[in-house]
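Per chain, numbering begins at 1; letters A, B, ... match sequence-line order.
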2 protein chains.
Amino acid sequence: MAKMTTLSDELAGQEPGERLRPTMRDVAALAGVSLKTVSRVINAEPAVSAELLTRVQRAIDQLDYRPNLTASSLRRNDGKTATVGLVLEDLANPYSAAVTRAVEDAARPRRVTVVAGSVDEDPDRERALVREFVARRVDGLIVAPTASDQSYMIGDRRAGTVLVFVDRPPKHLDADVIVAANRDGAMDGVRHLLAGGHRRIAFLGDLSTISTASERYGGYLEALERAGLPVDDTIVRRDLRSVGAAQAAVEELLHLTVPPTAIFAAQNVLGIGAFAALRGQRRQFDVALVGFDDFPLADLLDPGVTVVAQDPVAIGRLAAETLFRRLDGDRSPSTVQVVPTRLIVRGSGEIAPPVD
Amino acid sequence: MAKMTTLSDELAGQEPGERLRPTMRDVAALAGVSLKTVSRVINAEPAVSAELLTRVQRAIDQLDYRPNLTASSLRRNDGKTATVGLVLEDLANPYSAAVTRAVEDAARPRRVTVVAGSVDEDPDRERALVREFVARRVDGLIVAPTASDQSYMIGDRRAGTVLVFVDRPPKHLDADVIVAANRDGAMDGVRHLLAGGHRRIAFLGDLSTISTASERYGGYLEALERAGLPVDDTIVRRDLRSVGAAQAAVEELLHLTVPPTAIFAAQNVLGIGAFAALRGQRRQFDVALVGFDDFPLADLLDPGVTVVAQDPVAIGRLAAETLFRRLDGDRSPSTVQVVPTRLIVRGSGEIAPPVD
DNA sequence: TTGAAAGCGCTAACAA
DNA sequence: TTGTTAGCGCTTTCAA
């Protein structure tokens, strides 16, 4: 007990009104027990007598003691921090936000905390966030990969950090991944338009280097092929990166000599841009539109926008569950989980082609 | 050097293929220098000779060493973890998501990481999240308060945790807060309708116990009063908690003997519900609507929805800046920062009352 | 049931 | 410029 300083000793030199946080030692001193007894109380270990327990409890309340989880996890044998890191596209977009929330909900019962960051399609930022989260010793990472190579994480995985990927598979790294059924979903959307009688269906796509974008394009091609239709490159617009780009592309398409009678917009933002363009030209009731990725209020637009909806909540939940299963010791081979899409019919996709 | 174990010593008993993370000691041993020299290199302290620097760098690369920030911050004098905790309503809703993103952006240049959680209007959850984040020794907390009393955080603030509140002021606790101009914004919205000639303006409001909701109601009352109009309680619907509730309320209002000619929906979700109801009754071009809180795609609806927009990005940015200023030692009295709202005219709010 | 001593990975303070 | 020693707040190990 000789080495123990009291709280009031430590107060010297503090900012006015500021008080050092009491430690377990302070609690132990006040309760007149050893450090280890306090530790036992905090961790609800059974072997503590009723009397010491109340004495310790009282000291904890009196000092307003808060356990220090970082110190605890540093010393613990398993070294786990009860933290998962989320490396997503943009925490402000509805997709990333839904994934984050789903992971949070899956993590809560395990008392695991979520740290999150936005990559904004910047590979350097992806690496920086991974580094940062690893430096904080997260138990696992859920990553929507942007960089062209994820092999830089191999060392971290070997050191015990669990890696789960969402949205796109990692490259040069074998790990669990949860993806939407991009190809099948796109096929569904295009076949829906084909079933409605359309034969001239434009395609709007995101950056071709993004795997989800190229898979959706693949689905478009396959749907046309199965219908015995040729691909007309003049109505295929890829590498579109914004609402504005999609809007401009659709305006162009509408002015072609033989314009498309339907549009398949293979991404969230592009669907919105396409709708805006159609509405701007007052053609929203003439030209059919199916989007990939649902968006808020798609049902309140006029016409409601028919979409192939992803399920980001399911993706986030599965990612978290997979991560926790690995943390619990599952060493089976890595898996690819494909979350099905769902066609939501709202009007825009059911517009018939003009009879000529 | 005698006490040093090597990495291979530690490998015994590891999972197959799993390897313990190398520590500074391992790096020091491999580079043939002292622990402190490695620490100097990691922290980019200047006093290291070029030769040792390269030797250490090489060892770091060879071992794929990753610094442990939790250990570092435990030992550091300031005890700072370079982490801020966000306790928000629901990370999946656009408002919380925008705040989160803005905080992330403000935190990035300081290499501060964001941990976040959703409260879902549950006071117990608010307390649990605060406890959890404090246990992780976040440097500061940004909280959108839900509980009826925030005095439980006083001890944490005294212990040095910086507290900043957003959206609503804390109760029984004096701290910095960033809020939207709820009262003035609501007044603006209602006055816009009054200026358009409306004399019978319905009010839709969230739970009256929420301070933002009651302030917006106050703005509505004041606007009417200044215009010399009485308040008609039959067209005031408060305590609405969902899209559906707002929708039902509007449907009722439309069936009154003397229905309102305009609706002021004092919250995001309620504005959406009101629009859905008007559209469902095909009255969206007859009855004027102004909402509080912008929402995605409000401009693409028909008519576009006129709103009093909050600025969650500014709120998040100001909250983070205020938090960091406090961390940097600012001890001035706590402040209330009011972020102005902005009326965005899109059509629904400019519908004229019927001439009778 | 309780406690003393050691040490998790790192930085502070000081010495060489 | 480099290294040694102590110790951040906690858990582990082992002894009483």
Side-chain angles (χ1 to χ4, degrees), chain A residues 1-5 7 10 13 20-29 31-56 60 63 65-82 134-137 159-160, chain B residues 1-5 7 9-10 20-29 31-56 60 63 65-82 134-137 159-160:
Chain A
M1 210 74 88
K3 266 175 33 186
M4 262 186 201
T5 59
L7 196 57
E10 291 169 341
L20 267 191
R21 273 193 188 286
T23 69
M24 268 195 185
R25 251 188 23 205
D26 298 312
V27 175
V33 299
S34 79
L35 201 59
K36 178 63 212 184
T37 299
V38 179
S39 170
R40 287 195 179 99
V41 172
I42 292 292
N43 294 296
E45 287 173 31
V48 179
S49 71
E51 195 212 315
L52 289 197
L53 196 133
T54 51
R55 249 160 64 195
V56 170
I60 287 173
L63 292 175
Y65 168 76
R66 303 298 160 97
N68 184 330
L69 221 67
T70 66
S72 150
S73 76
L74 181 62
R75 188 59 180 85
R76 283 209 134 83
N77 268 345
D78 64 6
K80 293 289 178 276
T81 55
V134 166
R136 287 160 194 279
R137 294 297 187 267
Chain B
M1 208 75 86
K3 265 174 35 182
M4 261 186 201
T5 60
L7 195 56
D9 288 344
E10 292 170 341
L20 267 192
R21 274 193 187 286
T23 70
M24 268 194 184
R25 253 189 19 208
D26 299 313
V27 175
V33 299
S34 79
L35 201 59
K36 180 65 210 184
T37 300
V38 179
S39 170
R40 288 196 178 97
V41 172
I42 292 292
N43 293 295
E45 288 172 31
V48 179
S49 71
E51 196 211 317
L52 288 199
L53 196 133
T54 52
R55 249 161 62 195
V56 169
I60 287 173
L63 293 176
Y65 168 76
R66 303 297 161 97
N68 184 332
L69 220 67
T70 65
S72 151
S73 77
L74 181 62
R75 188 60 182 86
R76 284 207 133 86
N77 267 347
D78 63 5
K80 293 287 178 276
T81 55
V134 166
R136 289 160 192 280
R137 293 297 187 268

B:Lys80 NZ to C:dC10 C1', in whole Å, measures 18 Å
Of all heavy-atom pairs linking A:Pro22 and A:Leu63, the shortest is CG-O, 3.4 Å
Between A:Val48 and B:Asn68, whichever has its closest DNA chain C nucleotide further toward 5' is A:Val48
| message | Strictly distance-based, threshold 3.5 Å: is any side-chain N or O of B:Arg137 a donor or acceptor partner for the main-chain N or O of B:Val134? | response | yes
A:Leu69 CG to D:dT11 C1', in whole Å, measures 13 Å
Would you find a donor on one side and an acceptor on the other, under 3.5 Å apart, between the side chain of B:Arg55 and the backbone of B:Ala31?
yes
Original post:
Under 3.5 Å, side chain of A:Arg136 to main-chain N/O of B:Thr81, donor-acceptor pair present?
Top reply: yes
Looking for any heavy atom pair under 4.0 Å, which part of the strands does A:Leu52 touch: base, sugar-phosphate only, or nothing?
sugar-phosphate
Closest of C:dG3, D:dT2, C:dC10 to the B:Thr37 side chain is D:dT2
What are the atom names and distances for every N/O pair under 3.5 Å that joins the protein to nucleotides 14-16 of chain C?
none

CG (B:Asn43) and OG (B:Ser72) are apart, to the nearest 0.5 Å, by 6.5 Å
Quick note, A:Ser34 side chain, CB onward, closest among C:dC8, C:dG3, D:dT2 is C:dG3
Only residue of B:Val33, B:Val38, B:Leu53 satisfying side chain to side chain contact (heavy atoms under 4.5 Å, CB included) with B:Val48 is B:Leu53
Separation of C:dG9 atom P from B:Arg21 atom CZ, nearest Å, is 11 Å
Winner on side-chain proximity to B:Arg75, out of C:dG9, D:dT1, D:dC10, is C:dG9
Per-helix bend value, the helix from C:dT1-D:dA16 to C:dA16-D:dT1, C1' rotation axes over five pairs per end, 10° rounding, shows 30°
Whole-Å distance, A:Asn77 CG to C:dG9 C1', equals 14 Å
note: B:Arg55, atom CZ; D:dT2, atom C1'; distance rounded to Å ~ 11 Å
Original post:
Under a 4.5 Å cut-off applied to non-hydrogen side-chain atoms, are A:Leu52 and A:Val41 in contact?
Top reply: no
Worksheet item: If only side-chain N and O atoms of B:Arg25 are considered, is one of them under 4.0 Å from the OP1 or OP2 phosphate oxygen of C:dC8?
Response: yes
Rounded to whole Å, the CD-C1' distance (B:Glu45 to D:dG3) equals 13 Å
Separation of D:dT1 atom P from B:Leu53 atom CG, nearest Å, is 12 Å
Rounded to the nearest 0.5 angstrom, the OG1-CG distance for A:Thr23 and A:Leu35 is 7.5 Å
Per nearest nucleotide of DNA chain D, the residue lying toward the 5' end, A:Thr70 or B:Ser49, is B:Ser49
For D:dT11, take OP1 and OP2 only and decide whether either is under 4.0 Å from a side-chain N or O of A:Ser39. yes
Sorted by chain and number, sequence neighbours left out, side chain to side chain contact (heavy atoms under 4.5 Å, CB included) with A:Ala135 holds for B:Leu69
Checking D:dT11, D:dT12, C:dG9 against the side chain of A:Asn43 (C-beta onward), the nearest is D:dT11
Taking every heavy atom of A:Asp26 against every heavy atom of A:Arg21, the minimum-distance pair comes out as OD2-O, 4.3 Å
Between B:Leu74 and B:Pro46, whichever has its closest DNA chain D nucleotide further toward 5' is B:Pro46
Between CE of A:Met24 and C1' of C:dA4 the distance, given in whole Å, is 16 Å
